[in-house]
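Below: the structure, in structure tokens.
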Amino acid sequence: MAFSADELRVLRRALAHALTTTSSAAPPGTPGPERDRDIQEYLRLAEAVDEAVREGGRLRTFLLADLARYRDALPGSAAGYLAQLKEALAAGHVPGPDDLAALRSLRTRCAGGAELARRSALLRHCEQLAEQSVRVRLRALPGGRSGARNGREQEPAREPEPKRPPQPQREPRPKGPRPDRLIPTPGEVFPPRRKPAPPPESRTA
């Protein structure tokens, strides 16, 4: 039975959780042969998972080295390179720029209709894998976009603007005259002129 790298990580977490739960289920010092047997089985299974992870890493290193040798020998090694690339993809390999360039070069060379269609399909599949890998790395960066909605990536949430302290309200100015004003008014500077009094009438004897 084969597991992917993600499945192995999930299995290891499940084993660690089961081991912790089993160890803390009974109080310390309580005899439990079944409990001890379960713990030993969990430990052996965890060691087997670790060995599978190490073996998968060694296999992946071998596949990538073999893939690089076939790629350097192109175009004469086209058949072997395509087969090795499929095997590396099944083991979790993410195609890089060298693989994409090699596939594009092979697609432009003379080949039968079926072979050309097979190379084109493999190129599209590798381009999709490479694009997905780039998106995952970009989203993992600080400030990266974390999702997509309706085929479009969501923009990062904007931080709320800091609230400004309330400004003190100014008291309205009085409309009437101010008693403490020192500037004289025009009426004080230029008082109105009074009309002259008429002369007294003269009396005749």
Side-chain angles (χ1 to χ4, degrees), residues 1-21 41-159:
M1 184 179 295
F3 294 95
S4 66
D6 293 335
E7 291 172 341
L8 286 175
R9 283 193 291 268
V10 173
L11 181 57
R12 292 176 67 180
R13 289 197 298 267
L15 286 174
H17 177 70
L19 182 60
T20 304
T21 305
E41 291 178 355
Y42 289 151
L43 291 175
R44 285 194 295 269
L45 185 55
E47 293 176 357
V49 171
D50 292 339
E51 179 59 29
V53 171
R54 290 190 292 268
E55 182 64 24
R58 290 191 292 266
L59 177 61
R60 185 172 180 272
T61 301
F62 173 78
L63 289 176
L64 294 182
D66 208 10
L67 179 64
R69 287 193 293 269
Y70 276 99
R71 187 172 57 238
D72 294 340
L74 288 174
S77 61
Y81 170 72
L82 294 176
Q84 195 70 22
L85 179 59
K86 288 184 178 180
E87 188 175 356
L89 294 177
H93 170 61
V94 178
D98 295 337
D99 294 319
L100 297 178
L103 288 173
R104 293 189 182 104
S105 177
L106 289 176
R107 193 180 59 174
T108 60
R109 295 186 174 274
C110 296
E115 178 64 19
L116 184 60
R118 185 169 71 94
R119 296 178 182 181
S120 299
L122 184 58
L123 174 60
R124 288 193 299 270
H125 179 58
C126 289
E127 288 175 342
Q128 292 175 358
L129 292 177
E131 183 179 355
Q132 292 175 1
S133 177
V134 171
R135 288 182 178 180
V136 170
R137 290 197 298 269
L138 290 178
R139 291 171 184 172
L141 294 175
R145 297 181 176 180
S146 58
R149 179 180 298 175
N150 298 329
R152 296 182 180 179
E153 295 182 350
Q154 298 179 357
E155 297 183 357
R158 298 180 179 179
E159 296 182 357

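Just the heavy atoms: all of them, side chains too, but no hydrogens, waters or symmetry mates, feed the values below.
- Residue pairs satisfying the salt bridge (Lys or Arg N to Asp or Glu O under 4.0 Å) criterion with at least one member in residues 106-120, sequence neighbours excluded, are listed as follows: Glu115-Arg118, Glu115-Arg119.
- One distance of note links SG of Cys126 with CZ of Arg104; it measures 10.0 Å at 0.5 Å rounding.
- The shortest non-hydrogen separation linking Tyr70 to Ser77 is O-OG, 2.6 Å.
- In summary, Arg44 and Glu47 do not engage in a salt bridge, as defined by a charged side-chain N under 4.0 Å from a carboxylate O.
- The existence of a salt bridge linking Glu51 and Arg58 is confirmed by a sub-4.0 Å separation between a basic side-chain nitrogen and an acidic carboxylate oxygen.
- Not counting sequence neighbours, the partners of Asp66 by the salt bridge (Lys or Arg N to Asp or Glu O under 4.0 Å) test are Arg69.
- In this structure, the separation between CG on Leu67 and CZ on Arg60 is 11.0 Å, given to the nearest 0.5 Å.
- Separation of atoms CG (Leu103) and CG (Leu74) is listed at 9.0 Å; rounding is to 0.5 Å.
- Residues Ser133 and Arg137 bring a donor and an acceptor atom of their side chains to less than 3.5 Å of each other.
- Taken to the nearest 0.5 Å, the CG atom of Leu64 stands 5.5 Å off from the NE2 atom of His93.
- Of all non-hydrogen atoms in Ala130 and Val94, the two that sit nearest each other are CA-CG1, 4.4 Å.
- Proximity of Val134 to Leu138: side-chain heavy atoms (C-beta onward) are separated by under 4.5 Å at one or more points.
- Between Leu129 and Gln132 the shortest side-chain heavy-atom distance falls below 4.5 Å.
- Taking CG of Leu123 as the reference point, atom OG of Ser105 lies at 11.0 Å (rounded to 0.5 Å).
- Taken to the nearest 0.5 Å, the NE2 atom of His125 stands 8.5 Å off from the CG atom of Leu85.
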